[in-house]
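FYI, the numbering just counts along the sequence from 1.
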Amino acid sequence: MASVASPVVFKEFCPLYYLLNAIPTKVQKGFRSIVVYLTALDTNGDYIAVGSSIGMLYLYCRNLNQMKKYNFEGKCESITFVKLLSCFDDLVAVGTASGRVAVFQLVSSLPGRNRQLRRFDVAGIHKSSITALAWSPNGMKLFSGDDKGKIVYSALDLDQGICNSSLVLEEPSSIVQLDYNQKVLLVSTLQRTLLFYTEEKSVKQVGTQPRK
């Protein structure tokens with residue numbers, strides 16, 4: 001006799017007012033008042049990261065109930081993607097509408113962890129909006145994709161404070177998703193999905209028919 005499936009229960013969650021109230025709805029730029037739009041989001045067990053249209057990253061620490069702010073120097077441009085990682089250190093990667101990518105190594109109060117905020121920049125390769133970011137589990141590799149189909153690999157040496165970046169793949173359509181595990185990068189574009197083997201630098205398409 002077939003077992004009866006348990007009923008599905010829908011639960012409504014209230015807005016995170018404690019988070020939203022810590023983010024301004026407008027900012028003053030000279031004589032102008034600019035509306036702040038929330039443009040990107042990522043979460044893990046320790047943080048909630050929210051990107052905004054004014055180039056400000058709002059990072060809420062769940063353990064301390066504190067909101068911190070990080071920004072790019074110079075031009076205020078919209079943040080299009082954020083990606084958190086908790087490994088030995090807490091890291092957050094941020095991409096913008098013009099193709100800028102930065103990594104923030106967060107401060108930790110735990111013994112032996114990072115004591116000073118550090119920032120690494122992926123310089124000069126992306127020229128268009130960042131649409132995807134993916135970390136390796138140990139935080140030593142970051143992959144970034146943009147809406148022109150470029151995928152950049154950045155090798156981070158957190159101890160030495162070095163970030164070396166290079167173009168590893170270029171697709172004819174926008175990158176929509178990246179995921180990395182065990183030397184294999186899963187790439188989804190508007191036209192196809194593929195596996196990129198980072199050691200061999202070879203590509204294997206998933207499926208045979210292009211997306212319409």
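Side-chain contact annotation: Asn65 with Tyr60, donor-acceptor N/O pair under 3.5 Å present. Under 3.5 Å, the side chains of Thr193 and Ser188 contain a donor-acceptor pair of N or O atoms. A donor-acceptor contact under 3.5 angstrom links the side chains of Ser98 and Glu77, judged on distance only. A side-chain donor from one of Ser128 and Asp147 sits under 3.5 Å from a side-chain acceptor of the other. Under 3.5 Å, the side chains of Ser173 and Thr189 contain a donor-acceptor pair of N or O atoms.
A donor-acceptor pair under 3.5 Å links the side-chain atoms of Thr80 to the main chain of Ile130, judged by distance alone. Between the side chain of Tyr18 and the main chain of Asn21, no donor-acceptor pair closer than 3.5 Å is present. The backbone N or O of Gly207 lies less than 3.5 Å from a partner atom in the side chain of Gln205, making a donor-acceptor pair.
Residues Lys83 and Val92 have side chains not in contact (no heavy-atom distance under 4.5 Å, counting atoms from C-beta outward). Contact annotation: the side chain of Phe120 never approaches that of Leu142 to less than 4.5 Å [non-hydrogen atoms, C-beta and beyond]. Residues Val187 and Ile151 form a side-chain contact, since some pair of their non-hydrogen atoms from C-beta on lies under 4.5 Å apart. Taking 4.5 Å as the limit, some side-chain heavy atom of Glu171 sits within range of a side-chain heavy atom of Leu194. Contact check for Ile48 versus Arg62: side-chain heavy atoms found under the 4.5 Å cut-off.
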Full working for salt bridge (charged side-chain N to carboxylate O under 4.0 Å, His left out) between Glu170 and Lys148 | CA-CA 8 Å; Glu170 197 161 1; Lys148 298 298 183 184; over 6 Å; no

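Ion pairing of Glu200 with Lys183 is absent here, as no side-chain N (NZ or NE/NH1/NH2) approaches a carboxylate O to less than 4.0 Å.
No single ILVMFWY cluster, assembled from side-chain heavy atoms under 4.5 Å apart, contains both Val168 and Tyr197.
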